[in-house]
Q: 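The structure's right below; bear with me while I get my questions together.
Lettering of chains follows the sequences in order, A, B, ..., and the numbering in each one begins at 1.
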Protein chains: 2
Amino acid sequence: MQTITSVAELRRILEKCRSSDQQIGFVPTMGYLHDGHLALIAASQAKCDVTVVSIFVNPTQFGPNEDLSRYPRDFLRDEELCRGQGVAILFAPDAHEAYPSDFETFVEPGDLAKPLCGAFRPGHFRGVATIVCKLFNMVQPDIAFFGQKDFQQCAIVRRMVVDLNLPIEIVIVPTVREQDGLAMSSRNRYLSDEERQQALAISRGLSAALDEFRSGERHVEKLIAVAKKHLKAVDRLEYLELVDSDTLKSADSPLRRPSALCAAAYVGSTRLIDNVILTLPTR
Amino acid sequence: MQTITSVAELRRILEKCRSSDQQIGFVPTMGYLHDGHLALIAASQAKCDVTVVSIFVNPTQFGPNEDLSRYPRDFLRDEELCRGQGVAILFAPDAHEAYPSDFETFVEPGDLAKPLCGAFRPGHFRGVATIVCKLFNMVQPDIAFFGQKDFQQCAIVRRMVVDLNLPIEIVIVPTVREQDGLAMSSRNRYLSDEERQQALAISRGLSAALDEFRSGERHVEKLIAVAKKHLKAVDRLEYLELVDSDTLKSADSPLRRPSALCAAAYVGSTRLIDNVILTLPTR
């Protein structure tokens, strides 16, 4: 595995892969890798000849009062994990390599960035879309892999790829969970033992609503109520919404289109997100 | 020459060029080609193996009260001109191919889009940056060619390429002028014979200032005053500014850095732009 920090060197190496017709898979991350990331890497390894993993804690997607400075980092451990997964290239640019001093061009998503997390984290998805676009142009992968846990991010990235004609296939990989159901997240490490137990309310609430849905419940308010019973246990529920999977607009009862039940909640000072996808049975 | 309207087909054809290591040159235009465009094509032909010309009158760069609907079009003539220049591919997507119905992701330029034309055409450079980014991703050229007449556009496109890490070289080609000095523009065809004479005030003013500069004048206000004398003849001077070539901020006296004197003026109901570059002698 090669660890690379410069865009120029990255391009030089990938040029060789491309000219020998190798499929390039790409997994963009902010590091502090967990099993969710490893599932993305495994998906890339299964579909592509070469996997590039990027580690970059992107400042433009953090708000002024968010956790940029304390975001967990452990580069040597990440490097070891990538090596163990057979990753070909670990790309870890520093902030200056990614954002030169007079940087000023952003990729601005539209309505998809307005609800859910977008309503509480102004500018977040502008930062996400911009860095993902930049990384796509640096790596020029054939396929890029994203985790379903970041449901709104997935929708925005897919839309960006279509809207800006990026010649890249996007693959969404199901959320990986701890044995007790908690969605894997680098931010889980912020949780105390007690908070860790409390945080289970999120996955339990969503999972209970999913069960109801699978039992035939199609009424939006009822499904939300089922989840809410559990979610009372968090310190602050930021949102709990059932949205259309494509438009991210509030879903209508009875559910007739692919939808997702999405939540963001604070446990102590830690903000966690999770979602379940409600797929209607095909006839 | 092949005339192509679909992105998928364009990619299929260009894939072949790329795999045989041909350099791809790209000239994006809004059609109604004139000698300025032909100079861009010639520059591409000189540097690249394959030249792609696009013709697309981009709706997102026109304001609600601008000339989108009456923008001059003559596709058959353009096609003939491109064929005569040895262009390999003429790419002419329709509006729906370029902008699917749920399009919503824009490329947003920063401070470079604020002065000059940006101050009078809100949203214009957002539309320009977005379509240029899209076309770049459709064509994936090695080199793209732009005319110096659109001075601010050139600065914004160059900045976008750096900021979004687009793997493309940008070449700026000097403005081509009519024999009497009027900068070539598709919009010149809006001018009546009388207006055509009146429009000369723009290039004459800029050229007079350039002469003064070459004679040693380095004072911003004095250079502007020289140009203004001629520019009184237009119906409405929108702006006349001497700016730093890189930042587009107002230049300071005495001039010490590469600068440009830029003007936008109405002759009748036609808005025309032009500029001259003030290059300091190297020692």
Side-chain angles (χ1 to χ4, degrees), chain A residues 6-8 10-12 14-15 18-21 54 60 91 93 97-114 123 125-140 155-168 244 246-249, chain B residues 6-8 10-12 14-15 18-21 54 60 91 93 97-114 123 125-140 155-168 244 246-249:
Chain A
S6 103
V7 177
L10 177 74
R11 286 207 174 122
R12 239 185 336 266
L14 288 173
E15 197 47 60
R18 248 185 298 277
S19 64
S20 60
D21 267 341
S54 69
T60 66
F91 176 54
E97 180 76 1
Y99 293 106
S101 62
D102 39 6
F103 176 89
E104 62 169 43
T105 313
F106 282 87
V107 176
E108 191 75 64
D111 287 347
L112 288 175
K114 287 180 183 156
F125 287 116
R126 182 174 93 137
V128 168
T130 302
I131 192 65
V132 170
C133 180
K134 284 168 64 65
L135 288 166
F136 281 179
N137 288 332
M138 294 174 190
V139 176
Q140 296 179 269
I156 289 167
V157 167
R158 271 191 310 223
R159 185 78 248 159
M160 174 183 77
V161 163
V162 172
D163 284 352
L164 299 186
N165 304 92
L166 289 155
I168 298 172
D244 184 286
D246 292 328
T247 65
L248 304 189
K249 288 183 179 152
Chain B
S6 104
V7 177
L10 177 73
R11 286 209 173 119
R12 239 186 334 268
L14 289 173
E15 197 48 59
R18 248 185 298 278
S19 63
S20 60
D21 267 342
S54 69
T60 66
F91 177 53
E97 179 76 0
Y99 293 107
S101 60
D102 40 5
F103 176 89
E104 62 168 44
T105 312
F106 283 87
V107 176
E108 190 77 64
D111 287 347
L112 288 175
K114 286 178 184 158
F125 287 115
R126 182 175 94 136
V128 168
T130 301
I131 193 65
V132 171
C133 179
K134 283 169 63 67
L135 289 166
F136 280 180
N137 288 332
M138 294 174 190
V139 177
Q140 297 180 266
I156 289 167
V157 167
R158 271 191 310 224
R159 185 77 249 161
M160 174 182 77
V161 164
V162 172
D163 285 352
L164 299 187
N165 304 91
L166 289 155
I168 298 171
D244 183 285
D246 291 328
T247 65
L248 305 189
K249 286 181 180 154

Q: How far does CG of A/N165 sit from CZ of B/R11, to the nearest 0.5 angstrom?
A: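 With rounding to 0.5 Å, CG (A/N165) is 6.0 Å from CZ (B/R11).
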Q: With rounding to the nearest 0.5 Å, note down the distance linking CG in B/L164 to CG in A/L135.
A: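 Taking CG in B/L164 and CG in A/L135, the distance rounds to 11.5 Å.
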Q: May I ask you to name which of B/Q140, B/R159, B/M160, B/M138 has the most heavy-atom pairs under 4.5 Å with chain A?
A: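 Sorted descending by pairs with chain A, the first entry is B/R159.
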Q: Sort B/P109 into side chain, backbone, both or neither according to what part of it lies under 4.5 angstrom from a heavy atom of chain A.
A: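 The answer is the backbone of B/P109.
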Q: Name the region of B/R126, side chain, backbone, both or neither, that has any atom closer than 4.5 Å to a heavy atom of chain A.
A: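 It is neither, since no heavy atom gets under 4.5 Å.
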Q: Between atom CZ of B/R18 and atom CZ of A/R18, what is the distance when rounded to the nearest 0.5 Å?
A: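 It is 10.5 Å, given to the nearest 0.5 Å.
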Q: Side chain, backbone, both or neither: which part of B/L112 has a heavy atom under 4.5 Å from chain A?
A: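 Contact with chain A is through both the backbone and side chain of B/L112.
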Q: With a 4.5 angstrom heavy-atom cut-off, which part of B/D21 approaches chain A: side chain, backbone, both or neither?
A: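 No part of B/D21 comes within 4.5 Å of chain A.
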Q: Could you check which of B/N137, B/L166, B/V107 has the highest count of heavy-atom pairs closer than 4.5 Å to chain A?
A: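 Top count of heavy-atom pairs under 4.5 Å with chain A: B/N137.
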Q: Hey, mind stepping through B/E108 and A/T130 against side-chain contact (heavy atoms from CB on, under 4.5 Å) and telling me if it holds?
A: CA-CA 10 Å; B/E108 190 77 64; A/T130 302; over 6 Å; no
Q: Between A/T105 and B/I156, is the side-chain contact (heavy atoms from CB on, under 4.5 Å) condition met? List the steps.
A: CA-CA 9 Å; A/T105 313; B/I156 289 167; over 6 Å; no
